[in-house]
There are 2 protein chains.
Amino acid sequence: MATAAAPAERSRRVVRPRADALRNRERIVAAAREMFVEFGPEVPFDEIARRAGVGNATLYRHFADRAELIREVVCSVMDRTSEQAELALAEEGDAFGALRRFVHAAAEERIGALCPMLSGDFDKEHPDLDEARDRLEGLVEQLMARARTAGQLRTDVAVGDLMVALSQLTRPLPGSGCVNFDQFVHRHLQLFLDGLQAPARSELPGTAATLEDLRQKACKA
Amino acid sequence: MATAAAPAERSRRVVRPRADALRNRERIVAAAREMFVEFGPEVPFDEIARRAGVGNATLYRHFADRAELIREVVCSVMDRTSEQAELALAEEGDAFGALRRFVHAAAEERIGALCPMLSGDFDKEHPDLDEARDRLEGLVEQLMARARTAGQLRTDVAVGDLMVALSQLTRPLPGSGCVNFDQFVHRHLQLFLDGLQAPARSELPGTAATLEDLRQKACKA
DNA sequence: TCTAAACGGGGACGCCCTCCCCGGTTATTT
DNA sequence: AAATAACCGGGGAGGGCGTCCCCGTTTAGA
């Protein structure tokens, strides 16, 4: 019995994680996301642990250092955002309407919280990160391509333009979160989206960029 | 001799500031502005002093605490931005063109650096601050009113919308400044401005707000 | 019921920021 | 031009805070 290796045993690797351990890990990531959004990536680990309802030791047991936790949160947010993009692609008939829906949904996922994480000690080369970024970029590219093909999106913008502006506009104000700041965010996103519509009302300076360009530029800086 | 009070003595107050002291003060404010833009309001005083080319003691001699230095920098940036607004009002013929010119000029003044300063210990009630804010708001209101009257600006936006979005879009990425991030900023501002143009391409959620509303909301939070 | 993995919180270590002190330097006065 | 006093600069002590470990206790899993 005790040594009966079930067929599922292989998927458990060498040691199996306990059920509450997995649950705690998820709670930590969720709490970290909230704290990062509200106070930035420098928030003390102990505070994150308190928010998650676990001891600080548990946090250090799951994540070796801050960079690892940040990466986990970043990937998590990107994945959630990708899911929103897929929903928008699947459920929305109008091409530009899908883009609008995605943008507002991404704001709700607090994608702007990712911005402060691009600083400091943060391994931008991790494969998990590349995968999450590529997936998200591909989906957003699809959304934009459809709108562009439909003649609803101006032709001089790229994924990088949308994602950077989206991140910036949804970035939380540091310190105490403004009560109804969300309301403003969606107004600004709406205005920005109006600016993205075809026909273009002005000529843009510079050139469009992909997320890959941004990553390289960020590293180079 | 030593006690001979010259006629000009009255204008010198009790003690007269030395020439190099005044120069150092200006250099400190300028350096602080750069450092705040690049690293946020939590940047160490010693670093600011180093950038300014003065000793740290000189910095503490001129500013009692961090809040005082931050306030000085904030007022300085607002004043510079107000000057840009006046120039745009005076020199630009087209109403919306003046607005565009102001927005891009404000970005160059790094007005987005003000955002992180709204957090933490920061006396939002100081008269100098109120004065600078009122002046700037009045000028921007003029710019927007002219464009609105000319039928070039959508009617469902107010000063608060423009200033908050402007601050958000020009906020620097923390950590190492991205080399050609400026190029992106101006692209996004241009897109946002296109969304501000009349006729409105979509309906905005929520309601417009003035800077006064923002201040109260920020305090309330 | 038994075993061991996982948990939790208290506390020491170490870092960094703040602020003061004092010898040297520079602007101003006669 | 010399004297004087205000100002400057760098080094270092003090203090707060975040990180990380240790060990008694709890709880999932068999």
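Chain identifiers are assigned alphabetically (A, B, ...) following the order of the sequence lines, protein sequences preceding nucleic acid strands; residue numbering begins at 1 within each chain.
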Subject >> Whole angstrom value for the distance that separates P of dC19(C) from CG of Leu69(B) >> reply: 12 Å

**OP:** Starting from P on dA6(C), measure out to NE2 on His62(A) and report it in whole angstrom.
**Re:** 8 Å

Subject >> Rounded distance in Å - CG (Leu59(A)) to P (dA6(C)) >> reply: 16 Å

**OP:** Return the orientation label for the His186(A) and His104(A) ring planes: parallel under 30°, perpendicular over 60°, tilted otherwise.
**Re:** parallel

Subject >> Within-4.5 Å side-chain heavy-atom neighbours: Glu83(B) and Glu109(B) >> reply: no

Original post:
Are Arg66(B) and dT18(C) close enough that a side-chain N or O sits under 4.0 Å from OP1 or OP2?
Top reply: yes

Original post:
Can you find a side chain N or O atom of Arg61(B) that sits less than 4.0 Å from OP1 or OP2 on dC8(D)?
Top reply: yes

Subject >> Val54(A) or Arg23(B), whichever maps to the more 5' nucleotide of DNA chain C >> reply: Val54(A)

Subject >> Of Phe45(A) and Ala57(A), the one whose closest DNA chain D nucleotide lies more 5' >> reply: Phe45(A)

Original post:
Should we count CZ of Arg50(A) as having more than 12 external heavy atoms under 6.0 Å?
Top reply: no

**OP:** Just compare dA28(D), dA5(D), dC20(D) and give me whichever is closest to any side-chain atom of Asn56(A).
**Re:** dC20(D)

Original post:
Per the atom types in the model, does the base of dA27(C) pair as donor or acceptor with the side chain of Arg18(B) at under 3.5 Å?
Top reply: no

Original post:
In whole angstroms, how far is the C1' atom of dA5(C) from the CG atom of Leu22(A)?
Top reply: 13 Å

Subject >> Rounded interatomic separation in angstrom, taking CG from Asp46(A) and P from dG16(D) >> reply: 18 Å

Original post:
Side chain of Asp20(A): nearest nucleotide among dG18(D), dA28(D), dC8(D)?
Top reply: dA28(D)

**OP:** Specify the separation, in whole Å, of atom CZ of Arg50(B) and atom P of dC17(C).
**Re:** 12 Å

Subject >> 4.5 Å side-chain heavy-atom contact, Ile111(A) and Met163(A) >> reply: yes

Subject >> Other residues, nucleotides, ligands: >12 heavy atoms within 6.0 Å of Glu108(A) CD >> reply: yes

Subject >> Euclidean distance, atom CD1 of residue Ile48(B) to atom P of dG9(D) [Å, nearest integer] >> reply: 15 Å

Original post:
From dC20(D), dG18(D), dG29(D), pick the nucleotide closest to the side chain of Tyr60(A)?
Top reply: dC20(D)

Subject >> Under-4.0 Å side-chain N/O to phosphate OP1/OP2 contact, Asn24(A) with dA6(C) >> reply: no

**OP:** Take the protein atom CZ of Arg27(B) and the nucleotide atom P of dC8(D), then report the distance between them rounded to whole Å.
**Re:** 11 Å

